[in-house]
Enquirer: 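Sharing a structure here in structure tokens format.
Just so you know, these numbers come straight off a predicted model, no measurement behind them.
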Amino acid sequence: METDCNPMELPNNTGFEEDSDYRDFEGTDVKDMRLEAEAVVNDVLFAVSNMFVSKTLPCAEDVAYINVETRERNRYCLELTEAGLRVVAYDFDQTDDRLQTPYHETVYSLLDSLSPAYREVFGNALLQRLEALKKESQS
């Protein structure tokens, strides 16, 4: 789930200006939470009704927000940080500082706790993949 990015390894033609916000990170390892969030979405999009990185809430090097709608039609805004993922609101593009929800190490764990339909779809996908691997090995 983690993606490390070293700006020193980027090609010179990245398009970032000298006065870019990224100049402060030169020579350091930077974790881009937006990239992390996109990876999370891509991993489980098939098992939920809708899921996307928020374009309204700010993403930073240490936090990103993901909107998810479960197959039960429940909406959540998730916060992604180094600590993991947690629900921060019960609607898209919102945060509620009064919510004290636990962090989950993985999106799978979080969605498993929120959505029985997710659990079923994800489990079925795993079963189909295992059956396909079994057929391949028998050939």
Side-chain angles (χ1 to χ4, degrees):
M1 183 168 99
E2 293 183 5
T3 304
D4 289 330
C5 175
N6 184 342
M8 297 303 290
E9 297 173 0
L10 293 174
N12 290 335
N13 61 349
T14 59
F16 296 123
E17 301 295 326
E18 282 297 316
D19 60 347
S20 167
D21 291 337
Y22 294 97
R23 73 181 182 284
D24 296 334
F25 304 119
E26 191 171 320
T28 62
D29 286 336
V30 177
K31 203 165 294 295
D32 184 344
M33 281 299 167
R34 178 173 281 285
L35 292 175
E36 292 277 337
E38 292 289 349
V40 165
V41 169
N42 289 332
D43 277 353
V44 296
L45 184 59
F46 73 93
V48 296
S49 291
N50 193 9
M51 190 173 197
F52 57 95
V53 177
S54 175
K55 290 183 170 77
T56 304
L57 296 173
C59 284
E61 67 184 53
D62 60 346
V63 66
Y65 295 93
I66 301 169
N67 294 312
V68 61
E69 183 176 1
T70 65
R71 289 180 178 243
E72 294 88 356
R73 301 290 181 219
N74 296 321
R75 288 182 166 195
Y76 302 94
C77 184
L78 311 178
E79 176 189 74
L80 173 65
T81 66
E82 287 289 327
L85 292 123
R86 71 182 183 108
V87 173
V88 291
Y90 296 109
D91 204 354
F92 288 174
D93 296 320
Q94 304 288 320
T95 61
D96 182 347
D97 294 334
R98 296 169 296 168
L99 263 180
Q100 299 296 318
T101 58
Y103 282 97
H104 292 260
E105 286 187 32
T106 66
V107 68
Y108 316 110
S109 169
L110 185 140
L111 288 173
D112 188 66
S113 72
L114 296 176
S115 172
Y118 161 82
R119 190 177 315 124
E120 183 178 342
V121 170
F122 193 83
N124 287 338
L126 283 177
L127 185 58
Q128 289 174 357
R129 180 69 180 133
L130 286 173
E131 288 173 355
L133 287 172
K134 182 178 177 184
K135 286 180 184 178
E136 284 178 21
S137 70
Q138 291 175 345
S139 304

Enquirer: Would a 4.5 Å heavy-atom cut-off, applied to side chains only, mark Ile66 and Leu85 as touching?
Expert: yes

Enquirer: Mind checking the OG-CD spacing from Ser115 to Glu120? Nearest 0.5 Å is all I need.
Expert: 9.5 Å

Enquirer: Out of curiosity, Leu110 CG to Thr101 OG1, how far, rounded to the nearest 0.5 Å?
Expert: 8.0 Å

Enquirer: How far does CG of Asn74 sit from CG of Leu114, to the nearest 0.5 angstrom?
Expert: 8.5 Å

Enquirer: Between atom CG of Leu80 and atom CZ of Arg34, what is the distance when rounded to the nearest 0.5 Å?
Expert: 11.5 Å

Enquirer: What is the minimum heavy-atom distance between Gln94 and Val88, and which atoms define it?
Expert: O-CG2, 3.9 Å

Enquirer: How are the rings of Phe122 and Tyr108 set relative to one another: parallel (under 30°), tilted (30 to 60°) or perpendicular (over 60°)?
Expert: tilted

Enquirer: For Tyr118, does its backbone N or O pair with a side-chain atom of Arg71 as donor and acceptor, under 3.5 Å?
Expert: no

Enquirer: What pair of heavy atoms forms the shortest contact from Ser49 to Thr70, and how long is it?
Expert: OG-O, 3.2 Å

Enquirer: Kindly compute the distance separating CZ (Arg129) from CG (Leu127), expressed to the nearest 0.5 Å.
Expert: 12.5 Å

Enquirer: Compare all side-chain heavy atoms of Val68 with those of Leu111 and state whether any distance is below 4.5 angstrom.
Expert: yes

Enquirer: Quick one, Asp96 and Tyr90 - any side-chain contact, counting heavy atoms below 4.5 Å?
Expert: no

Enquirer: Phe52 and Val40: same hydrophobic cluster, using ILVMFWY side-chain contacts below 4.5 Å?
Expert: no

Enquirer: Any chain of hydrophobic side-chain contacts (each under 4.5 Å) joining Val44 to Val121?
Expert: yes

Enquirer: Salt bridge or not for Glu69 and Arg73, using N-O below 4.0 Å?
Expert: yes

Enquirer: Can a donor-acceptor pair be found between the side chains of Asp93 and Asn67 at a distance below 3.5 Å?
Expert: yes

Enquirer: Does one side chain, of Tyr103 or Glu79, offer a donor that lies under 3.5 Å from an acceptor on the other?
Expert: yes

Enquirer: Taking atom CE of Met51 and atom CG of Asn42, what is their separation to the nearest 0.5 Å?
Expert: 9.5 Å

Enquirer: Looking at side-chain heavy atoms only, is the closest gap between Leu133 and Glu136 below 4.5 Å?
Expert: yes

Enquirer: Test of understanding: clusters of I, L, V, M, F, W, Y form through side-chain heavy atoms closer than 4.5 Å, transitively. Do Leu57 and Val41 belong to the same one?
Expert: no

Enquirer: Kindly work out whether a path of hydrophobic side-chain contacts (I/L/V/M/F/W/Y, heavy atoms less than 4.5 Å apart) joins Leu99 to Tyr76.
Expert: yes

Enquirer: Report yes or no: does Ser54 contribute a side-chain atom to a donor-acceptor pair with the main-chain N or O of Tyr65 at less than 3.5 Å?
Expert: no

